[in-house]
Structure formats: structure tokens, C-alpha cells
Amino acid sequence: MEEDLLLNTEEVITETFMGLGMGHMDDFYSLLIRLVINFSIVGIISRCFYYPKSKRRDYLFIFIIMAMSIFLLVSLMEGSKMKTGAALGLFAIFGIIRYRTEAIPIREMTYLFMLVSVSVVNAMVVKLHWENILSLTLANVFFILLAWMFESSKIINDSCSKYIKYDNVNLVAPEKRKELIADLEKRTGLKILSVEVGTIDFLKDSVLIRIFYDEPMDKGSSMESVTRLPRVK
């Protein structure tokens, strides 16, 4: 009697270990297929859409590691309700901490949330029936199209911007806007599309100006809107 009870307990533990259903190889193959799909989608979005403009290998590493970690964390939890709660909890945690050790630019933060969403969606589909396969394919294709759409210069004007502390307040008047742009182009060597005049300090004879320009090498750079030197640790 005790031996039968022990065997039944071992079978239950084996079948439900980490939510994989180790007694059924279909669950293992499903996890393996979804792991490859998630890694491919995360790699495409990170390497093909994010990295070409930013050239930030540190964030590329973070995106891939974080996305795959969340995929495995959600996938290996037992029970769909627990998975849903874990997914919502992960979004809440990221919304609170936001990597408080370092100020992350909004573009990088957006990609991070997007890749977290991709991983959660791929992890939530456990059984690969044809309906689930179709839903999973459509969701991943939509994420890729979304990244392509908003990174494509043909759809959205992706001109660069930069803040400049300008030392000639005499040229900030609206009627001297052409002279202001000409002087800024001469100093910066950039083809300026438009300018926005900010705070004026007459005591120091300076004004904060935001310039909009077209420079392929600066597109996607996280240094575009930096107004002071970052703190070096």
C-alpha cells in the first residue's frame, strides 16, 4: 500500500514538474519550439530594427537576455492562472523600478517592454494546436511589422534633434529666424530643418535652442537629447 502511494506521488511530481509535464514529450517539444521561435523573434527585432540605429551593444545584450529569461520564467511556471499573474507582475515591476540604477532613454525602454510582451505571448501558448499556432504566428508577425513600421523613415519622419546652449540672443527673434539657422549651420556643420527657442537668459546672454536636422549617423542615438554629462561611476 505504501509502495503504491509512493509510486503515485512520484508520477504526479514527474508529470507536473515545473509545469512541463515531463511524462509527455509533447510538452517538451512545445517548449523547445516556442523557445526557438521566441529567440528568433527577439533576435530579429533587437538586431535588425533596434541595433542598426543605436549601435548600443550593451542594450542589445540586455534585451535578449531579459526577454529569454522572462520567457523561461513564465513558461516553466505551473498553471495558466499563475502565468497570467506572473506576466502582470513582471509588467508592474518594470513599471516601478524602470532600472533605477541608470536612466534608460525612452526608445530603449519602449523596446524593452515590447520584447517582454513578445516573450510573455510566446510563453503563454502551451499547446501547439493549429489554432494556437495561427494565433502565435500572427502575434509575432504583428510585433515585427510594428517595429519595422515605426523604424522606417518612409512612414515616419525620423529627423534628429539636439539641444544647444546658444550665446547670441539677438538672433532668436522670429524675424531673424533665417539668420539664426544660418549661424547654427555654420557652427555645427549640420543641415538644420527647423529650430525651437526655449528659455532665454539675458543676464548670461544665452538661450536654450532645440534644432531638428537630418543626419543618418545620429538617428536612433541616445545622446541626441542629452543636455548634461552623464555621471561616471
Side-chain angles (χ1 to χ4, degrees), residues 44-63 66 91 94-118 141-233:
I44 290 173
I45 294 176
S46 302
R47 185 61 180 85
C48 299
F49 297 110
Y50 167 76
Y51 183 75
K53 290 186 177 181
S54 63
K55 302 298 182 181
R56 294 292 302 270
R57 296 184 62 183
D58 50 349
Y59 282 117
L60 180 66
F61 169 80
I62 291 174
F63 291 159
M66 180 66 70
F91 278 109
F94 284 126
I96 295 173
I97 63 175
R98 293 189 60 186
Y99 276 19
R100 297 183 67 89
T101 56
E102 181 180 354
I104 299 181
I106 188 64
R107 183 170 183 266
E108 279 71 13
M109 182 58 67
T110 303
Y111 267 101
L112 179 60
F113 274 97
M114 181 182 185
L115 294 175
V116 168
S117 302
V118 171
V141 170
F142 175 76
F143 279 118
I144 293 178
L145 290 178
L146 194 65
W148 171 82
M149 182 184 303
F150 288 98
E151 289 289 357
S152 176
S153 58
K154 296 180 181 180
I155 298 177
I156 295 179
N157 184 13
D158 56 347
S159 60
C160 304
S161 65
K162 194 183 299 292
Y163 289 94
I164 295 177
K165 292 182 179 179
Y166 190 59
D167 60 356
N168 188 358
V169 297
N170 295 324
L171 295 181
V172 299
E175 61 271 12
K176 296 183 179 181
R177 192 55 50 88
K178 291 184 179 180
E179 298 179 29
L180 173 62
I181 293 177
D183 185 49
L184 290 170
E185 287 182 344
K186 182 179 179 180
R187 295 191 184 192
T188 61
L190 300 171
K191 180 61 178 178
I192 298 176
L193 305 175
S194 61
V195 297
E196 291 180 354
V197 178
T199 304
I200 301 176
D201 191 341
F202 288 105
L203 294 178
K204 297 182 180 179
D205 195 26
S206 64
V207 57
L208 183 63
I209 294 177
R210 186 180 184 184
I211 64 172
F212 296 87
Y213 62 98
D214 188 13
E215 175 55 53
M217 295 183 64
D218 287 352
K219 291 179 179 178
S221 173
S222 59
M223 291 295 292
E224 289 178 8
S225 59
V226 173
T227 58
R228 61 182 180 179
L229 292 175
R231 183 175 58 184
V232 179
K233 297 180 180 180

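Keep in mind that the numbers below use all heavy atoms, side chains included, and drop hydrogens, waters and symmetry copies. Nothing fancy with the numbering, it's 1 onward along the sequence.
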Legend entry - pair Tyr213-Thr188: side-chain heavy atoms closer than 4.5 Å: no

Inset, instruction - Kindly indicate whether the side chain of Leu208, heavy atoms from C-beta on, has any atom under 4.5 Å from the side chain of Lys165. - result: yes

Can you see which heavy atom on [X] is nearest to which on [Y], and at what distance?
X	Y	result
Gly198	Val207	O-CG2, 4.1 Å
Tyr166	Leu171	OH-CD1, 3.2 Å
Arg47	Pro52	O-CD, 3.1 Å
Lys176	Asn170	CD-O, 3.3 Å
Arg177	Val172	NH2-O, 3.5 Å
Glu185	Ile192	OE2-N, 3.1 Å

Inset, instruction - Using the side-chain contact (heavy atoms from CB on, under 4.5 Å) rule, pick out the option among Phe63, Phe143, Tyr51 that qualifies with Ile45. - result: Phe143

Legend entry - Candidate list Val195, Leu190, Asn168, test side-chain contact (heavy atoms from CB on, under 4.5 Å), partner Leu184, passing option: Val195

Nearest 0.5 Å, what's the [atom1]-[atom2] distance between [X] and [Y]?
X	Y	atom1	atom2	result
Arg210	Ser194	CZ	OG	9.0 Å
Lys55	Leu60	NZ	CG	11.0 Å
Ile209	Thr199	CD1	OG1	11.5 Å
Tyr50	Glu108	OH	CD	3.5 Å
Phe61	Arg56	CZ	CZ	14.0 Å
Leu112	Tyr59	CG	OH	10.0 Å

Inset, instruction - Would you please name every residue forming a side chain to side chain contact (heavy atoms under 4.5 Å, CB included) with Val141, sequence neighbours left out? - result: Thr137, Leu145

